[in-house]
Amino acid sequence: METHLADFIKDTAEGREADAILRACVHCGFCNATCPTFQLLGDELDGPRGRIYLIKQLLEGRPVSEKTQCHLDRCLSCRSCETTCPSGVNYYRLLVIGRGLVEQRVPRSLAARATRLLLTEAVPRRWIFAPSVRVGRLLRACLPAKLAEKVPDIVTAKPWPRPAAHRRRMIVLAGCVQSTLTPNTNAAAARVLDRLGIALFEAPGAGCCGAMRHHLHAKAPALDDIRRVIDAWWPHLENGVEGVVMTASGCGAHVRDYGVLLRHDPAYAEKAARIAAMTRDVSEVLASEQEALSRLLRESGTDRAGRRVAFHSPCTLQHWQQIRGVVEGLLAAAGYRIVPIADAHLCCGSAGSYSISQPLLARQLRDNKLAAMTASAPDVLVTANVGCQTHLQSGGTTPVRHWIELIDERLNGVC
Amino acid sequence: MSLDFSTGDPRFAVDRPALIARLSVVLPADALLTVEEDLRPYECDGLTAYRCLPSLVALPENEAQVRAILRICHELRVPVVPRGTATGLSGGATPHPDAVVVSMARLKKILRVDPFSRTAVVQPGVRNLAVSEAAAPYGLYYAPDPSSQIACTIGGNVAENSGGVHCLKYGLTVHNVLRVRGLTIDGESVEFGSAALDAAGYDLLALINGSEGLLTLLTEVTVRLTPKPPLAQVVIASFADVRRAGEAVARIIAAGIIPAGLEMMDKKAIHAVEPYVKAGYNLDAEAILLCESDGTPEEVAEEIVRVVEVLDNSGASEIRVSQSEVERLRFWAGRKAAFPAVGRVTPDYLCMDGTIPRKRLADMLEAIEALSRKYALRCANVFHAGDGNLHPLIMYDANQAGELERAVAFGAEILELSVRFGGTITGEHGVGLEKIDLMAEQFASGEIAAFHRLKAAFDEDGLLNPGKGVPTLARCREYTLARAGTAPVTFVAPKS
């Protein structure tokens, strides 16, 4: 694609990067075909190819208004387009550059700024988020329906395994919202790994991985989040801990990007890169222990014809981390029957804070996803990220769970 | 750079504020784009070298809105450029500066899939692949499969009479469409074809296929569905020289075999695709052939034996047969993604679309190699070899002064050569803007004048997709004089 970047950016590192990305795009339009918002809205401006064009105009110095901002805001950052793109266009990176510039140039309304402040300051802090959810639950009956559906039910975790003297140890991120909304996920992962001879533990003080603030362009606080996580983990990693296990694919995708995000910080660059390299999704960890896992499953005596499971693979798993078929393989090996779901590549509309900032589109995507997941009447709905799990749960009555809980149940003889 | 519309192309005096006022009454606010910030991303289709800011963009969501737009445009004498998802490579959806671009992307309902009559009725904005996905539960699919099938629309396919790798056996779009419903420029409903195989009078359905949006705006298409063959296998043959590969193609057809697909890629194309798709192509080969066989297991087994024998006798250096469906799809994945994958090795490319007799394939490849040296531009070749349809991908860098102009001239020479070899200037992409001058190479002025009379029968004022498909006679004269050496060559070329 022909480009003529404006003077204000063309000789900067960001400008050169953006130019290279723009020039890789040949405008074939394949991306629009797998873009959730283009599928819903049918406007070039709401697909990746159009957004790339909008960002190109911005970089070429043309005037930009709330129109461009609106179309960039509507992007879910699901990166389905990147999976589809045959030309290898790094769309998301260009989007981040474009959004950053729009943020500087197009002011937001007071209400929008207040929402963002709430999301960047309250959600990542467990001491604010957890009591807020409790209050929300108490008041749910009095809230308008649209707000009430966002308040999740109370979920209690089954107990963690008793501390064992396993030689192998791994860290798991407690996270910001997951420990409040779906506390059984990490507990289930710990019980499964315990059976495999791996002790899983949450390092105190790590807090939020920084993804929430990063995606809301709170650049400096987002990097501080990362540094705090690194500080909390580093002593353990120096002390024989073998790796980091992620049970929320959204956080996992972000932690795997730590090396890139902190590459210009001399004090943290190396640690960040090492942590990123040591981080794996819990599905990858289990897949590498498949032999031992299969033996345990056989011994558990529950290897009978299983229930039918619909698995929604989060975008942060299938597109960001390019992990596909692994969870499905583990569930199948555990005796579950995976039912195919239509348009499995499409986002469910959760997408970080998207369900709050773009409620209409998020609901449409959620309802479409639930319809696809329940089309062949499966027994269980599962996913691999807390955001998707609670968002999908808000749209239906069938429980939506983390897939690791199913493996945990099989190992413990519960079916 | 942008298109120069001053050379004898039709222009229209449009009262834009009045037009916006009228359209705003019939369209919701989010269905009418009027400011440059919103219009710019609509300035081109898949042929990015040709760009033009449209006057307005309308995004109707039903036939009633399309009709209302057309009536207003007809009354106010405003040109209309139809657009699907704009994946075309000949500039068929490139805007006109005075026009309303009417995007059909929101008309994307699959209205009916009938497994008994093996037909589907769809709106024009439905994606090609979505038709096959909807038909899959019945063991059926929509056969024409352009490489852009994931994204391109049925409406666009009809407009360009699109082909694909399986058209050798199953036909182009025209052979797989039974009926179309559309609107004329004055908003009147028209229907061509029927569920029956033949209809009284002239075959106007065939005329609509490939009419490039110049005659009607489609609102509904009935397509034929084909039973999925129980088995398909593909043979990949590598060749140490392209002449042998070209001869092998001719020999396969001469042996009476009609493969489901017969494709050829040259070394540059193989090297562009392989690192991304990892299809397992032989990187040492000068050319590879992909030859697909489908049918019952017995038919496939018999045909594969014959194909392998011909390829072997033609001097293939390596022959492999797909052993599973996964492997077959992987072998094809490289071919399907070839165009955009070339985008990995070059910032820009022009994809040409000439057709020549199969026996001239090797001559053409050698000529292209010589032209590549002459213009100092790289060219990767991807062919629907079975039907002699060439897709040379001329690589250039739009940011380098003069490269685009060289690429355009390079492409024009390939197409002129196609005509001289006894072929045509388009196989399946349409004429659009890209090849409009070359129509004069293919047709005499009497024939062009007949095309204009046909157009006038549908659209007297020339409002539908002006400047595309058929050149004005003035433009033809300009071209002929230029080729005779008495005037400088000026293709409808992007100008600085």
Side-chain angles (χ1 to χ4, degrees), chain A residues 1-5 10 19-35 38-58 60 62-71 81 84-89 102 106 340 342-343 345 375-376, chain B residues 1 30-31 33 35-38 40-49 51 57 59 61 83-89 103-108 125 127 129-130 133 147-152 273 275-277 333 336-344 346-349 351 397-399 404 494:
Chain A
M1 192 187 280
E2 188 180 334
T3 56
H4 301 280
L5 262 57
K10 73 175 181 201
D19 193 49
I21 298 170
L22 284 172
R23 280 159 62 74
C25 173
V26 296
H27 211 70
C28 67
F30 285 22
C31 51
N32 282 350
T34 59
C35 171
F38 184 82
Q39 290 310 305
L40 289 184
L41 300 165
D43 183 349
E44 180 78 12
L45 308 175
D46 289 311
R49 187 173 65 168
R51 291 188 183 110
I52 288 172
Y53 231 88
L54 290 169
I55 295 168
K56 176 170 150 349
Q57 293 183 69
L58 167 68
E60 291 185 340
R62 291 181 198 265
V64 61
S65 75
E66 69 284 352
K67 285 176 178 295
T68 294
Q69 184 177 54
C70 163
H71 296 298
C81 53
T84 306
C85 177
S87 304
V89 175
V102 170
V106 184
D343 294 325
H345 58 282
S376 54
Chain B
M1 283 191 232
D30 75 335
L33 309 181
V35 302
E36 183 179 339
E37 188 177 353
D38 285 345
R40 192 59 72 181
Y42 280 89
E43 71 180 356
C44 61
D45 60 9
L47 182 69
T48 56
R51 298 187 295 277
V57 172
L59 299 151
E61 58 181 27
R83 172 183 161 118
T85 44
T87 56
L89 294 168
S103 165
M104 305 302 279
R106 287 182 176 172
L107 277 87
K108 51 169 222 165
R127 293 178 300 117
L129 194 61
E133 283 167 1
S147 294
S148 57
Q149 70 179 142
I150 184 175
C152 63
V273 158
Y276 155 63
V277 183
K336 289 259 176 191
F339 296 178
V342 167
R344 290 180 177 246
T346 176
D348 304 276
Y349 62 76
C351 172
D397 182 346
N399 283 8
L404 171 59

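Scope of the values below: all heavy atoms of this structure, side chains included, with no hydrogens, waters or symmetry mates. To find a chain, count down the sequence lines: A is the first, B the second, and so on, and within it residues start at 1.
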Problem - Option that, when pairs with chain B are counted at under 4.5 Å, heavy atom only, ranks first among A:C25, A:G88, A:G50, A:A342 - result: A:G88
Exercise for the section: Can you tell which part of B:C44 gets under 4.5 Å to a heavy atom of chain A, answering side chain, backbone, both or neither? Expected result: both
Problem - chain A contact via B:I150 - which portion, at a heavy-atom distance below 4.5 Å - result: both
Practice task
With a 4.5 angstrom heavy-atom cut-off, could you sort out which part of B:V57 is near chain A: side chain, backbone, both or neither?
Solution key: neither
Handout entry: chain A contacts, top residue of B:V273, B:L129, B:L33, B:T346 (heavy-atom pairs, under 4.5 Å)
Key = B:L33
Problem - Any donor-acceptor N/O pair, B:R344 side chain to A:P86 backbone, under 3.5 Å - result: yes
Problem - Value rounded to 0.5 Å, distance of OH in A:Y53 from CG in B:D38 - result: 14.0 Å
Exercise for the section: Quick one: which of B:A86, B:A31, B:A105 has the most heavy-atom pairs under 4.5 Å with chain A, could you say? Expected result: B:A86
Handout entry: chain A contact via B:D397 - which portion, at a heavy-atom distance below 4.5 Å
Key = side chain
Handout entry: Short side-chain to backbone donor-acceptor contact, B:E37 and A:S65, under 3.5 Å
Key = yes
Exercise for the section: Spell out, as yes or no, whether a donor-acceptor pair under 3.5 Å connects the side chain of B:Y42 to the backbone of A:E44. Expected result: yes
Exercise for the section: Look only at the side chain of B:N399 and the backbone of A:E2, and say whether a donor-acceptor pair between them is shorter than 3.5 Å. Expected result: no
Practice task
For each of A:A24, A:C31, A:C28, A:G29, tally heavy-atom pairs with chain B at distances under 4.5 Å, and name the one with the top tally.
Solution key: A:C28
Exercise for the section: Under 4.5 Å heavy-atom distance to chain B, tell me which part of A:R49 shows up: side chain, backbone, both or neither. Expected result: side chain
Exercise for the section: For the pair B:D30 and A:L41, evaluate side-chain contact (heavy atoms from CB on, under 4.5 Å) and give the outcome as yes or no after the intermediate values. Expected result: CA-CA 10 Å; B:D30 75 335; A:L41 300 165; 5.7 Å; no
Exercise for the section: Under 4.5 Å heavy-atom distance to chain A, tell me which part of B:E43 shows up: side chain, backbone, both or neither. Expected result: side chain
Handout entry: Residue part contacting chain A, namely of B:S148, when any heavy atom lies under 4.5 Å
Key = both
Exercise for the section: Give a yes or no answer on whether the side chain of B:R40 reaches the backbone of A:L54 with a donor-acceptor pair at less than 3.5 Å. Expected result: no
Completion exercise
In terms of heavy-atom pairs under 4.5 Å with chain B, the winner among A:I52, A:T68, A:N32 is A:T68
Handout entry: Contact check, side chains of A:Q57 and B:P41, non-hydrogen atoms, under 4.5 Å
Key = yes
Exercise for the section: Tell me, for A:V89 versus chain B, whether the close heavy atoms (under 4.5 Å) come from the side chain, the backbone, both or neither. Expected result: neither
Practice task
Counting only heavy atoms closer than 4.5 Å, note whether B:Y349 contacts chain A via side chain, backbone, both or neither.
Solution key: side chain
Handout entry: Heavy-atom closest pair, residues B:A341 and A:S87
Key = N-OG, 4.5 Å
Fill in the blank from the handout: Whatever's closer than 4.5 Å to a heavy atom in chain A on B:L89 counts as neither
Problem - Between NE2 on residue A:H27 and CG on residue B:L47, distance to nearest 0.5 Å - result: 10.0 Å
Practice task
Could you pull out the closest heavy-atom pair between A:G42 and B:S103, with the gap in Å?
Solution key: O-OG, 4.3 Å
Practice task
Output the distance between atom CG (B:L59) and atom CG (A:L45), rounded to the nearest 0.5 Å.
Solution key: 8.0 Å
